[in-house]
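Before any comments, here is the structure.
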Amino acid sequence: MTGVLLPPPETGAMGGRAETPPAPSRAVLAQDWRRLVRLGAVGAFAQVFIALSNMPVRLDERVVVKPVLSLGYLTLLVVPFAAGYRVGHQIKREGMPVYAAGAHEVAGGAACGALAGGGLSLLAVLLANFDLREPLVNWSPMLAELLAFGNATWFAVVVWLLIGAAIGAVGGILRTLGPRTRRAAVTMALAVAGAAVMEPLVVDLAEGMRLEALTDRLYARRGGVNWTSALGLAAGSGVLAVLGRGRIRQARAHIASLEGAKRNRANSGLIVLTGAALIILPLFAGKLTNELLANVGLFVLLALGLNVVVGLAGILDLGYVAFFAVGSYSAAVLTAATSPRINPELPWLVALIAVVIITGLVGLFIGAPVIRMRGDYLAIVTLGFGEIIRLLFLSDWLSGWFGGSQGITKIPGAGIFGLTSVAGTDPRRVFYLVLAFCAIAIYVSWRLERSRLGRAWTAVREDETVAEAMGINTVNVKLLAFVVGAILGSFSGAIFSAKVGSVFPNSFLILVSIVILVVVIFGGMGSIVGVIAGSAVLIGVLGGPKQPGLLAEFSEFKLLIYGALLIWMMLARPEGLIPSVRRSRELHQEEMAQDAWLRGQVEDDDGSGAQAAPTP
Amino acid sequence: MTATNGNGLAPGADAANGTGRRPLLETRGLSVDFGGLHALDGLDFEVHEGEIVSVIGPNGAGKTTLFNAITATVERSAGDILFEGTSLLGLDPNRVTARGIARTFQNVRLFANMTVLENVMVSQHCRTRQHAFGALFYTPSFRREEAEIRRRAEKVLGFFGSRLVGYRFDQPAFTLSYANRRRLEIARAMATQPKLILLDEPVAGMNPVESAELTGMIGRLRDEWGFAIVVIEHQMDVVREVSDRVVVLDHGTKIAEGDYADVSTDPRVIEAYLGQGTETS
């Protein structure tokens, strides 16, 4: 039971860890039983919850690996794995012994996983003996069948304990692997999962590139990766990961370490490459991919707009959908021949100018009273305004203008200089249009952030009172952020109405605001790349409020997954997927200050010049 | 009630600075109430150009409230504040700064997650004009102004020797040592290009070496940069060193005024600091 003490921080920082002798591992039975049981119980509860939400049955149709694994079963396997992996986690503190991972972790993982799996065993017994339909309405009788694999109840009881233990042990084994092997294992799993998730996209692209032969081999006829090709994929990616030895990470570290001008060149090279890929890719892609890309693009545009408001200026706007709605409706009224009161039938680009002005004014109008508030009050008021705008479009009072609940239909596509018309029937053109506006939005956010205005926004976010005392007109500056955000959102609205061809008040539910905010938070507040990545993951994979993503089967459980992801994100990585430098600073101030201290950059209270000064 | 305040001592002020010049900053009967508490009670106070005035007094005497009232951070309940002969009443804090009054805070309040340079650049906001248009189209005037902002920021930071320059430019402010944070706060105030700087306990928490160094710097701020300065300070050796004139506050009123030697021997001041003697009537 003797471990090796953590080296003191000084040697730790200098990489002294390599010199310490190899740490012993713990005895198999020396588990922290309380922790193990607690984690297992949480896992069991999560298992029962997932099962009763009917996710496994609904997602059973989507096959991940052809005969062996469906998405439905995958949702039940994730929990024991996570529990098994988590239970082997050691909290490293100074003065606490550190142990090498070994049989102890595997056994602990298996026990914990078995407990989590036991939740399903218990559920199987309950389902067989009691009628749970009354209080718990979501699950269907197919759940019992699915849990027992079509066999008797006792089979389900035994098999889920075993599966839980096995999967938990896998989680424990992952702990015992060296960094390189672990990276290879994770890459293999990600490669197979990625291939399964991206299936519609890959099939669609392969059709465009005339590579059907490849996808026919990779995927089974009715969906799912063939188990043979899954093995091949895993082996291939594993080999690549071992050969690559983290080259990607090295390359990124290398770019980050470059001097200003060189780094700029590397970064702009990357941007050009990405842009070129985004322009060329849709040419080979079919309807499905382009539709998906266009949806993601629309949310990127919205999220970039909200990012200016929330991420840069720190104004928590929960009613951002209002500007999306105003943009959509004003574009609809100005372009559609069928709009009830006025129908000037302007060309789309001309209408867009008017839309920008109208939304900017609405932003000013809503912003002026809201902006004087701070914090929670401001968030609540914006929430209210978001609903007010939707209800106005829905109301009988304005139905003479906006059609009330009937909305405005038969909106023509977006005409560009009479050259082309972009309508929802051709998602590729929609995507190019969205891409162009995303480029504008990215440029605007990027330029503004690095200007006098952007600095003022940051200062206001940091400390509004001091910012005002330093001569910043906080009301004007915040209002401007609000208006810039509103205008960027209106772009998305104008494209949306041309793409869908109709607007209804219930396209602008409060849910849209929340989804956009989740995208921004998940991706990384204040970070342009993060916001784009956030949209790609959340909207592209899971789907937007009404838009299907790659995992279209999830649509029913989308909000559940959003919530779970958000909670996990806040716990594990509150700064977001790809955070801005400043945001990580805010959240990790203390660690960074300590690191700086360890590097010897924060001494100097009586350093250098001061010692020469005479004492009083 | 207000009639019995320390106005009787006012003549000392003119004696110290003589010359019927119009003061740079002048408060007339300034009162600030917090509920029933008179934080400032009919205070007359003035600062002349190129002058360093120390404001001292026991805790709760109203020193910081005076700063807050001047910079419009708290609302005054009576009286007037004149800066260069015109009233500051009704101005927002940012307008007061634009008029030429900058301040530091007792509990250092930097923009902790902005870099050292950014802290000093952002406080030039009210002296610069470029807006969204210039930033978006990267106009020549935008570039010129950005370069100018940066040059000025570097110049201001250079005032503190090697402390805040070089690699420090791009370090977030929270990594700075305590003394450097105080220096950066002064730099940030200087960058607003004020005529008057209000320093709220600039050497609090510094060791004797650092506070001696900063004391010299306060003098240089006036001599080299031409700022008038008001200092709130508890360390008497600093007060003695820097002040042209000392104003003593207690319970929101002025109880003494004059040069350091006069004030430090004034029985009322001693009483305010040490409490009343044993003889009670």
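All values below were derived from every heavy atom in this structure, side-chain atoms included, with hydrogens, water molecules and symmetry-related copies excluded. Each chain gets a letter, A, B and so on, in the order the sequences are listed, and its residues count up from 1.
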Start with the C-alpha distance between A:N473 and B:N94, add both sets of side-chain angles, then the distance that settles side-chain contact (heavy atoms from CB on, under 4.5 Å), and finish with yes or no.
CA-CA 6 Å; A:N473 187 336; B:N94 62 304; 3.3 Å; yes

Check whether B:I101 gets within reach of chain A through its side chain, its backbone, both or neither, counting any heavy atom under 4.5 Å.
neither

B:T97 side-chain N/O to A:A469 backbone N/O, donor-acceptor pair under 3.5 Å:
yes

Checking B:Y138 side chain against A:R447 main chain: does a donor-acceptor pair fall under 3.5 Å?
no

Let me know if B:R143 has heavy atoms under 4.5 Å from chain A in its side chain, its backbone, both or neither.
neither

For the student: nearest non-hydrogen atoms of B:V122 and A:A459, plus distance:
CG2-CB, 3.8 Å

Would you say that more than 12 heavy atoms from the other residues, nucleotides or ligands in this model lie under 6.0 Å from the CZ of B:R95, or not?
no

Relative to chain A, which segment of B:S123 carries a heavy atom at a distance below 4.5 Å: side chain, backbone, both, or neither?
both

Counting only non-hydrogen atoms closer than 4.5 Å, does B:A132 touch chain A with its backbone (N, CA, C, O), its side chain (CB onward), both, or neither?
both

Taking A:R452 for its side chain and B:H125 for its backbone only, find out whether a donor-acceptor pair lies under 3.5 Å.
yes

Is it the side chain or the backbone of B:T215 that comes within 4.5 Å of chain A heavy atoms, both, or neither?
neither

More than 12 heavy atoms from other groups under 6.0 Å of OH on A:Y443:
yes

Interatomic distance, B:L110 atom CG to A:D463 atom CG [nearest 0.5 angstrom]:
10.0 Å

Leading residue by heavy atom contact count with chain A [cutoff under 4.5 Å; candidates B:E241, B:H131, B:R103]
B:H131

Max heavy-atom pair count under 4.5 Å with chain B, selected residue of A:V475, A:V466, A:L453
A:V466

Flag if over 12 foreign heavy atoms under 6.0 Å of CD, B:E75:
no

Given a strict heavy-atom distance threshold of 4.5 Å, which part of B:E145 is in contact with chain A: side chain, backbone, both, or neither?
side chain

Heavy-atom distance under 4.5 Å to chain A: side chain of B:T128, backbone, both or neither?
both

Flag the pair A:R455 and B:E146 as a salt bridge only when some basic side-chain nitrogen lies within less than 4.0 angstrom of an acidic carboxylate oxygen.
yes

Are the side chains of B:F111 and A:T458 in touch, meaning some heavy atoms are under 4.5 Å apart?
no

If we ignore hydrogens and angles and just use 3.5 Å, is the side chain of A:E462 paired with the main-chain N or O of B:N113 as donor and acceptor?
yes

Go through the steps for B:T175 and A:R585 under the test side-chain contact (heavy atoms from CB on, under 4.5 Å), then give the verdict.
CA-CA 10 Å; B:T175 61; A:R585 266 185 215 153; over 6 Å; no

Answer with side chain, backbone, both or neither: which region of B:A72 has an atom nearer than 4.5 Å to a non-hydrogen atom of chain A?
neither

Give me the atom names and distance for the closest heavy-atom approach of A:S451 to B:A135.
CB-CB, 3.5 Å

Examine whether an atom of A:R461 lies under 4.5 Å from a heavy atom of chain B, and if so say whether it belongs to the side chain, the backbone or both; otherwise answer neither.
neither

Proximal component of B:R188, with respect to chain A [non-hydrogen, under 4.5 Å]
both

Side chain, backbone, both or neither of A:V477 within contact of chain B (heavy atoms, under 4.5 Å):
side chain

In this structure, are over 12 heavy atoms from other groups packed under 6.0 Å from A:R450 atom CZ?
yes

If you round to the nearest 0.5 Å, how far is CG of B:N68 from OG1 of A:T465?
10.5 Å

